[in-house]
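Step one of this worksheet: look at the structure below.
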Amino acid sequence: MIHSIQPMDRIAFELGPLTVYWYGIIIGLGAFLGFIIANREAAKRGMPKDIFADLLIFAIPISIICARLYYVIFRWEYYSQNPGQILAVWEGGLAIHGGLIGAVLTTVIFARKKSVSFWKLTDIAAPSIILGQAIGRWGNFMNQEAHGGPVSRDFLEGLQLPEFIINQMYIDGVYYHPTFLYESLWNIAGFVILMFLRRVNLRRGELFLSYIIWYSIGRFFVEGMRTDSLMIGDMLRAAQVLSLLLIAGSIVLWIYRRKTGLARAHYLDEDGAGLRKNKNRKSRTNTNKKKK
C-alpha cells in the first residue's frame, strides 16, 4: 500500500501553453485575503481610500523578487550552475524573510511618498501578513517542500493528521515531519492574537513589532526541524540567526520608541468610535465636577 502512495499533482490546471500551479494559487489566495482584511481595517482607521491597493501594486512584485533573490543568493552554488532555474518560482524557493525585507523597504518609501505613517500602515497590515504566511505554507505542502526530518507513519498518525497530509509527507520512500503545518498553525494562532491586540489599543508600531516577535519565535523553533534550511557557513541556519536578530531588535525598538516619546499615538486614536467614547468620558467627568 505504501508504494502506491502518489503525491498530489502540483498542477492545478492548464490553459493551452499556460500551466497554473497550486503553489501560486495558494500564495495568491493568502495575499488576497490579507488585502481584504487590511483594506477594511484601513477604512476604519481613517486611511485614504485604496491605500493598500496602491501599496500592493508595488509591494507584491518587489516582495516576490526579493524573496527569490534571497533564496537564490543562499543557494548560489546550485543556481550558478543552473541559471535557467532562477526564474522557476513555481517550483518553490521563495524565502519569506526576503519577501518581508522587500515589503518593509517598499512600505517605507511608499509611506514617505504618500505622507502617511509607516507604523500605522504596518500595524494595520500585521494580521494580514501573518495570515498570508499561514496560508502560503500550504503551497509548500503541495510542492512537498519545507518539511522536517524523517519520522514514522505511526508518528504522523499519532498527531491525528488527516490521511491526505500523511500521504503527502511520504517523499521518495520516507515520511517526514510536516513542519509546514507546524508553522502554519503557529501563524494562525498569531493572527488570532494580533486581531485581539487591535482592541487592546497598543501604541502605534507595537502591533507590527508584536507580529515580528511572534512570527520569529515560531520560525526559530520550526527552522531547527527543517532539512532544507538556508545556511550561513556550515553551522548556522540563516532563518534562525535572522529570527533572533529580529526578536532582539523589535524589543529594543519597542522600548526605545516608548522612552523617547516616538510611540505617543495609539492604534485606535483616529477611530471615530474611539474618539466618541473619549468625548463621552470627558463629558461625564465634567458633569460630575459641576455637580460637586
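- For the pair Asn39 (side chain) and Phe35 (backbone), a donor-acceptor distance under 3.5 Å is absent.
- Within the 4.5 Å cutoff, the side chain of Ile51 has no heavy atoms near those of the Arg45 side chain.
- Using a 4.5 Å cut-off on side-chain heavy atoms (C-beta onward), Leu230 and Tyr70 make contact.
- Between the side chains of Tyr215 and Arg219, at least one donor-acceptor pair of N or O atoms lies under 3.5 Å.
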So Phe141 and His147, side-chain contact (heavy atoms from CB on, under 4.5 Å) or not? Walk me through it.
CA-CA 8 Å; Phe141 167 73; His147 57 72; over 6 Å; no
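- Remark: side-chain polar atoms of Ser63 are paired, donor with acceptor, to backbone N or O of Ala59 under 3.5 angstrom.
- A cation-pi arrangement, defined by a distance under 6.0 Å to the six-membered ring centre and an angle within 45 degrees of its axis, is absent between Arg137 and Trp186.
- You'll find the side chain of Phe208 stays beyond 4.5 Å of the side chain of Thr107, heavy atoms only.
- Note on ring orientation: taking the six-membered ring where Trp is involved, the planes of Tyr21 and Trp90 are parallel (angle under 30°, cut-offs 30° and 60°).
- By the 30° and 60° cut-offs, the orientation of the rings of Phe155 relative to His177 is perpendicular.
- Gln240 contributes a side-chain N or O that, together with a main-chain N or O of Phe220, makes up a donor-acceptor pair within less than 3.5 Å.
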Test log, rule side-chain contact (heavy atoms from CB on, under 4.5 Å), inputs Val89 and Leu94
CA-CA 7 Å; Val89 295; Leu94 294 176; 4.0 Å; yes
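- In this structure, the side chain of Lys114 does not engage the main chain of Pro48 through any donor-acceptor pair within 3.5 Å.
- Remark: the Arg237 side chain and the Ser229 side chain contain an N/O donor-acceptor pair separated by less than 3.5 Å.
- The backbone N or O of His266 sits less than 3.5 Å from a side-chain atom of Asp269, completing a donor-acceptor pair.
- With Asn140 contributing its side chain and Glu145 its backbone, the two residues share no donor-acceptor pair below 3.5 Å.
- Contact check for Arg203 versus Arg264: no side-chain heavy atoms found under the 4.5 Å cut-off.
- With a 6.0 Å radius and a threshold of 12 heavy atoms from other residues, nucleotides or ligands, Trp22 has its CH2 atom at or below the threshold.
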Output, in order, the C-alpha distance, side-chain angles, deciding distance and verdict of side-chain contact (heavy atoms from CB on, under 4.5 Å) for Leu29 and Trp138.
CA-CA 11 Å; Leu29 175 62; Trp138 288 86; over 6 Å; no
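- In this structure a side-chain-to-backbone donor-acceptor pair under 3.5 Å is present from Thr122 to Trp119.
- Within the 4.5 Å cutoff, side-chain heavy atoms of Leu197 are placed close to those of Val200.
- Arg68 places a side-chain N or O within donor-acceptor distance of the main-chain N or O of Ile86, the cut-off being under 3.5 Å.
- Put simply, NE2 on His97 and CG on Leu242 are 4.5 Å apart, with the number rounded to the nearest 0.5 Å.
- In this structure a side-chain-to-backbone donor-acceptor pair under 3.5 Å is present from Thr179 to Ala146.
- The shortest distance between side-chain heavy atoms of Ser117 and Arg204 falls below 4.5 Å.
- A donor-acceptor pair is defined here as one N or O able to donate and one able to accept, closer than 3.5 Å; no such pair exists between the side chain of Glu206 and the backbone of Trp254.
- Within 6.0 Å of the CZ atom in Phe196, the count of heavy atoms belonging to other residues, nucleotides or ligands does not exceed 12.
- Using a 4.5 Å heavy-atom threshold, the side chains of Leu181 and Leu161 count as touching.
- Phe52 pairs with exactly one of Ile57, Ile124, Ile36 by the side-chain contact (heavy atoms from CB on, under 4.5 Å) rule, that one being Ile124.
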